[in-house]
Number of protein chains: 4
Amino acid sequence: MKSELIKQSINLFVEKGFSATSIQDIVDTIGVTKGSFYYHFKSKEALLMDIHSHYIDDLLRRQRAILDTEKSHKDKLMAIVELIIVDIEKQGAVGRVYFREIRHLKEENAAIIREKRADFRNNIEVLLKEGIEANEFRKELQPKIITFAILGITNWSYQWFNVEGSLTVKELSAMYTDFILHGIQSPDASN
Amino acid sequence: MKSELIKQSINLFVEKGFSATSIQDIVDTIGVTKGSFYYHFKSKEALLMDIHSHYIDDLLRRQRAILDTEKSHKDKLMAIVELIIVDIEKQGAVGRVYFREIRHLKEENAAIIREKRADFRNNIEVLLKEGIEANEFRKELQPKIITFAILGITNWSYQWFNVEGSLTVKELSAMYTDFILHGIQSPDASN
Amino acid sequence: MKSELIKQSINLFVEKGFSATSIQDIVDTIGVTKGSFYYHFKSKEALLMDIHSHYIDDLLRRQRAILDTEKSHKDKLMAIVELIIVDIEKQGAVGRVYFREIRHLKEENAAIIREKRADFRNNIEVLLKEGIEANEFRKELQPKIITFAILGITNWSYQWFNVEGSLTVKELSAMYTDFILHGIQSPDASN
Amino acid sequence: MKSELIKQSINLFVEKGFSATSIQDIVDTIGVTKGSFYYHFKSKEALLMDIHSHYIDDLLRRQRAILDTEKSHKDKLMAIVELIIVDIEKQGAVGRVYFREIRHLKEENAAIIREKRADFRNNIEVLLKEGIEANEFRKELQPKIITFAILGITNWSYQWFNVEGSLTVKELSAMYTDFILHGIQSPDASN
DNA sequence: GATGAATGAGTTTTCATTCAT
DNA sequence: TATGAATGAAAACTCATTCAT
């Protein structure tokens, strides 16, 4: 029931936005009453926080797994890009909520999520830094800024990519890793 | 007065989001009454549409100027990236509203804006296509997808770039054009 | 201009009702501004009063003319019924406003109109009374009550009669005077 | 509570009219909040529709009972007139709302009510038609038009009849059936 | 005579939240 | 666990009216 509420609310948040979705809208989709909602969630914002927490925690866990498993900096980076893009297929809806609705968390919770986002970002930044030192990536790059560029590419995909279309997430992921690697690799790196 | 309302509402929309900003909030910042707001705008949504229209129309106009002025495909692309990024400084607030709040336009208006956005995107796509044909850019690239990547990089900047920081928009713009050109240029292109 | 405002407001009041018609609605139909309206009328209610006054004053004047001209009680009554019914064609719209919107006059004005309505009604009542005394009409009738019946028949017509239809106001008037006379005439009255 | 809201709103609608009565006015009379009103009714118009539906449905049910029970056409007609008039005492307030405020229903609902009103009217028209064929009523009468006359007499009563006065509804009803029967009966009908 | 801008009080409606059962 | 009823605060929007120009 709780997970059903989460699932349906995500769909509604994607469709209409957090503010424009009422508790009534949510409970109507699964045929229960508002009282029931408040048994499972302290507030509407708590539900949104729940969604955000699960999403970023899962992402961080998988990012860590990649960093622990893959060998070269290039491979690590490719795997992280793929992680985000390929998720569109399975987690596209949550992702869209995650990217759009953080503003509606109360400051206290927003801070928690922002910190985890910063961790995720920082892990990429460190990766780039080390790749530069290892001469895999170009010396002129500013890791922090390039990290934002990479996240821009991947995260923006959630806004336009249509799972129904002819392009698969695997293909998209391949194109974007190729584009990014061309953008950052040292000319003398053994491709 | 009308332009004052627009200006203040943009600030509030950036800060709290469209839905969470009330007409009362807006008029309070300039000390007029709600009735006054409704004398100038048919509805809250009409104000949002006003903001969207002006922004994209201005952007399209300047994009066209670039396409008519610059010579090589590379120069055109660089100029367009710079156009978006450098605007953060002067138009950062409107931009943030433009990228985040389109969902709150009514379908009829959203369609108009979406079409203009598609024009802007399409102009880049065509530019890439021609650059590929001219052998300036790599043959393997899919122009449509790379266009989204470029827009992801530039548009995402509006979310994190802090005008107050030590990095200037000019510098950011330079880094991103460099990154993008590395990502797309033919190896044999005279850089 | 003033008469134009009256004319158009009557149409709107018929269509949407007094409360639901805004000053804006009225001035829009003739392409002037609200300020203009307030040059001609002290208030929205004043316009409604204007409409009511003209209508009932005109009706009373014509009723008096009938009472002064026609000979028998029967003829007087027939002429008054015809007066009301035949007016549907020329004054149907005003009539509908007159019958429906008196409630929106302020008490002070409503009292004035109610008094004139009472005069109009009373003239019929007196006519019936005299007709009974003259043995033209049946002795058992209560003039006051029958007056209301007659007014019910005629006034109700404004709600359903369609000028566009196949029945003319003359025909309707004939049918109703016939019906009423059958209802009230003494059996021994030389028809 | 819901029925209490209906009851009080009817009183207010009679007194001030539908448009001029606010939800606040209604809830204030029974000391609840506006939110409570909207728990029970989807909108102000929905409440008005509720009132209209119940009134006409009840009227139709009782009219049908009369048509099934009474023997002669004359008796049926008398019973129907009495039905409407006598109701003033118990249902005067609802009746006044019913006769005055249909314009404030949305077209969709107004159509439903208009159709039921037409049924009620049509039942009388058919009754008159059959009475004419049975030679109870005069051959020259146009049933449709006479039906409107009868409804004018009865419905108009809701506007002026004062339950507090010395005349009872029974007496009024008797006078009006007498008046109507004189107006329509064949001279040779055994009275 | 007419306009454009502004006001302020009021309107209907929405909605997150609470709570007795 | 769940429901149904109620709350209260706030939202968007309307509108008659005023008034300087």
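Just so it is clear, the model here is predicted, and its values are computed rather than measured. Numbered from 1 within each chain, the chains take letters A, B, ... in sequence-line order.
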Any salt bridge linking [X] with [Y]? Criterion: basic side-chain nitrogen under 4.0 Å from a carboxylate oxygen.
X	Y	result
D/D119	D/K116	no
D/E101	D/K44	no
A/R114	A/E107	yes

Which whole-number value in Å describes the distance from [X] [atom1] to [N] [atom2]?
X	N	atom1	atom2	value
D/K2	F/dA6	NZ	P	12 Å
D/D25	E/dG10	CG	C1'	11 Å
D/I30	F/dA5	CD1	P	14 Å
D/E4	F/dA5	CD	P	16 Å
A/M1	F/dT1	CE	P	10 Å
D/F41	E/dT14	CZ	P	15 Å
D/K106	E/dT12	NZ	P	16 Å

Distance col, row D/I26:CD1 vs D/F13:CZ, nearest 0.5 angstrom, shows 4.0 Å

d(A/L5 CG, A/Y39 OH) to nearest 0.5 Å is 13.0 Å

Under 3.5 Å for both donor-acceptor distances, Watson-Crick or wobble: does E/dT21 have a partner, and if so which one? F/dA2

May I ask which nucleotide in the shown strands pairs with F/dT7, Watson-Crick or G-U wobble, both distances under 3.5 Å? E/dA16

Which of A/V97, A/D28, A/D25 passes side-chain contact (heavy atoms from CB on, under 4.5 Å) with A/L12? Answer is A/D25

Do A/L48 and A/Y98 touch side chain to side chain, with heavy atoms closer than 4.5 Å? no

F/dG4, OP1 or OP2 - any side-chain N/O from D/H40 closer than 4.0 Å? no

Think C/Y39 has a side-chain N or O under 4.0 angstrom from the OP1 or OP2 of E/dG1? no

Give the B/S/- string for nucleotides 16-21 of chain F, one per nucleotide from 5' to 3', where a protein heavy atom under 4.0 Å of the base yields B, of only the sugar-phosphate yields S, and otherwise -. BBBB--

Write down the distance separating the P atoms in E/dG1 and F/dT21, rounded off to the nearest Å. 23 Å

Nucleotide of E/dT7, F/dG4, E/dT3 approaching A/T33 most closely (side-chain heavy atoms): F/dG4

